Amino acid sequence: MIYIHIPFCKQKCSYCNFHFSTSLNFKDEMLHAMKTEIFLRKDELQNKTLKSLYFGGGTPSILSVDEINSLIDEILKYFSFGNDIEITLEANPDDLNKQFLKQLAGTPVNRLSIGTQSFFEEDLKLMNRAHNASEAESSVKRAQDFGFENLSIDLIYGSPTSNLEIWKENLKKTVELEIPHISSYALTVEPKTTLENWISKGKIKSPKEEEQNREFYYMSAFLKDNGFEHYEVSNFARPGFYSRHNSAYWKYQEYLGIGPSAHSYNGFDVRSWNVANNQQYIKKLAAKNLAKSEEILSQEDQFNEMIMIGLRTIWGVDLLTLKRKFSGKIQDHFQEEIKSKIKEGVLIIENEHLKIPEEHWFMADGIASDLFIV
Ligand code: SF4
C-alpha cells in the first residue's frame with residue numbers, strides 16, 4: 001500500500017500538531033518533488049499489487065481534482081493496482097462542493113475520509129476548523145449524492161465545549177446520515193498547539209478524562225446497537241466497510257510513504273521517514289535525492305510495536321507469530337508480564353490471540369505500554 005502526504009492546510013486547527021503549511025506558494029514544486037520521489041522509489045513494493053492508496057495530510061482536498069489525478073497517474077506508471085483497490089482521499093467538508101465532487105467521481109478515488117470532527121458549531125469554533133456545522137452535514141449528503149458510499153468521518157469527543165448530551169447528538173446524526181465508517185479520537189492537548197496555549201492561559205478548561213471515558217463507552221455501545229463493529233480502539237465500521245488501508249497498518253504490512261513527514265515500513269525491520277519540512281523536501285528531491293532517514297528496528301522495538309498496535313484491535317496479538325518471531329528472552333519477559341494482567345482481567349487469551357477485553361479499551365495504550373521492553 002502507498003500513503004501520500006499532502007502537507008498543506010487552509011488554516012491551523014487549534015489541536016493539531018501534524019506536518020503541514022498554510023502557504024500554498026510552493027504547491028507546484030511540492031507536487032513535482034512528490035512525483036520525483038515516486039519515480040525514485042519505484043522499485044520498492046515491486047511485484048506487489050497495490051490494495052490501497054491513501055491521500056492523507058494535511059488536507060489532500062486542498063488540491064484540485066486534476067492535481068490529485070496526476071499523482072494517481074504517476075503511481076500507476078510504476079505500480080500495479082489490484083482490481084478492487086481502495087483509494088482514499090482525506091477531505092475537509094468545506095472543500096466538498098458540487099464541482100469538486102462531480103470531478104472527483106470521475107477519478108479512481110472510491111473512498112472519502114471526511115474531517116467532520118463535530119456537527120456542532122461551538123466545538124468547531126474551539127477547534128478552529130475551516131468548516132461550520134451546516135457544512136459538516138451537507139458535505140456528507142453531497143458526497144453520497146455523487147455516489148461516494150464508502151465514507152468515513154472523523155469525530156472528536158471530550159471537547160470542553162461538549163458534553164455527553166451533545167456527543168449523543170453527534171452520534172445520532174452520524175447514524176442518521178448512514179455513514180458506514182467512523183474514526184473517533186478524544187481531544188488531546190498536544191505540546192505547542194493553540195489549544196495548549198489557551199489552556200495554560202486559563203482561556204478554556206482542559207478536557208476531562210472521566211468525561212472522555214464516559215463518551216467513549218457510550219459511543220462504543222451506541223454504535224454497536226446501530227450495526228457497527230468496533231474493530232480498533234478508535235475505529236468503527238459497518239460490515240464490509242473496514243478501512244483496508246488502516247487494517248493493513250494494524251496487521252504490520254509493508255507500506256510506502258510519499259511526501260514530507262511520510263513514514264514507510266518494509267513489513268519487517270526497517271522503518272523510514274521523510275523530512276518534516278516542505279522546503280528541505282523539495283530541495284532534496286530537486287537534486288534527485290531522497291529526503292528520508294531510516295532506522296533498523298531491534299527485536300525489542302518490533303516486539304513493542306506488535307504489542308502496541310495489536311492490543312488496540314479486535315484481532316489482538318497473534319501469540320504463534322510472537323513465539324516464532326522473538327527470542328526466548330523476550331518470550332520470558334512477555335509471559336511474566338501478562339500473568340498479572342490476565343489475573344486482573346485486562347488481558348485475555350482467545351484462540352491463541354492476546355486481547356484486551358473491550359470494556360478496557362479506553363486504557364489500551366497504558367495496558368500495552370506496561371508490557372513493553374524498555
Ligand atoms: S485540517 Fe487536519 S492536518 Fe490541517 S490543521 Fe486541521 S487537523 Fe491539522
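Every number for a ligand or one of its atoms is a count from 1 in the order of the listing. Sequential numbering from 1 along the given sequence is applied to the chain's residues. Note that this is a predicted model, so its numbers are computed, not measured.
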(request) Assess K42 against F39: is NZ or CZ under 6.0 Å from the centre of the six-membered ring, and within 45 degrees of the ring's axis? (result) yes

(message) Below 2.8 Å, which protein N, O or S atoms neighbour atom 4 (Fe) of ligand 1, ignoring water?
(response) C9 SG

(message) Taking transitive links into account, so neighbours of neighbours count too, which hydrophobic residues share a cluster with M127 at under 4.5 Å side-chain distance?
(response) Y15, L126, I156, L187, V189, L195, W198, I199, I204

(request) Side-chain contact test, heavy atoms from C-beta onward, threshold under 4.5 Å: evaluate it for I2 versus F79 and give yes or no. (result) yes

(message) Could you check whether atom NZ of K125 has more than 12 heavy atoms from other residues, nucleotides or ligands sitting under 6.0 Å from it?
(response) no

(message) Tell me which pairs pass side-chain hydrogen bond (donor to acceptor under 3.5 Å, both in side chains) where either residue lies in residues 341-357, with sequence neighbours left out.
(response) K341-D370, E350-K355

(request) Scan for ring pair (Phe, Tyr, Trp, His ring centres under 6.0 Å) pairs involving residues 142-188, sequence neighbours excluded, and state none if there are none. (result) Y157-W167, H181-Y231

(request) Within a distance under 4.0 Å of any heavy atom of R129, pick out the atoms of ligand 1 and give their elements. (result) 1 (S), 6 (Fe), 7 (S)

